[in-house]
Amino acid sequence: MKKKYYTTLILTFLLVAAFNAQVVPPPVPPPPPPGLPVDGGLMFLALSGVIYGFRKNFKA
């Protein structure tokens, strides 16, 4: 009786392990979209500085 119990237990364990090993992992998600560039407002800042400097130096 014990031998039959152990055989059934081992077969059940092996079948569960074999079925669990067949699970396909989920696909890799796409990379996140790119963020804003680091120098996004740099041209606006430079233009503002040029205008400010021009108005300071050539004040009428």
Side-chain angles (χ1 to χ4, degrees):
M1 182 71 171
K2 261 189 168 180
K3 188 174 182 179
K4 188 176 183 181
Y5 175 75
Y6 287 130
T7 305
T8 306
L9 184 65
I10 290 172
L11 283 175
T12 304
F13 177 74
L14 289 175
L15 281 175
V16 168
F19 286 134
N20 194 21
Q22 300 298 320
V23 174
V24 178
V28 178
L36 293 175
V38 175
D39 60 348
L42 192 60
M43 290 302 292
F44 177 72
L45 183 63
L47 183 64
S48 298
V50 168
I51 292 171
Y52 180 74
F54 183 78
R55 288 187 64 200
K56 270 294 224 193
N57 288 331
F58 299 106
K59 194 172 184 183

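All values below come from the heavy atoms of this structure, side chains included, with hydrogens, waters and symmetry mates left out.
Taking I10 as the reference, L14 meet the side-chain contact (heavy atoms from CB on, under 4.5 Å) condition, with sequence neighbours excluded.
With a 4.5 Å cut-off between side-chain heavy atoms of Ile, Leu, Val, Met, Phe, Trp and Tyr, the cluster of L47 takes in I51. Apart from Y6 itself, the hydrophobic cluster it occupies contains Y5, where clustering links Ile, Leu, Val, Met, Phe, Trp and Tyr at side-chain heavy-atom distances under 4.5 Å.
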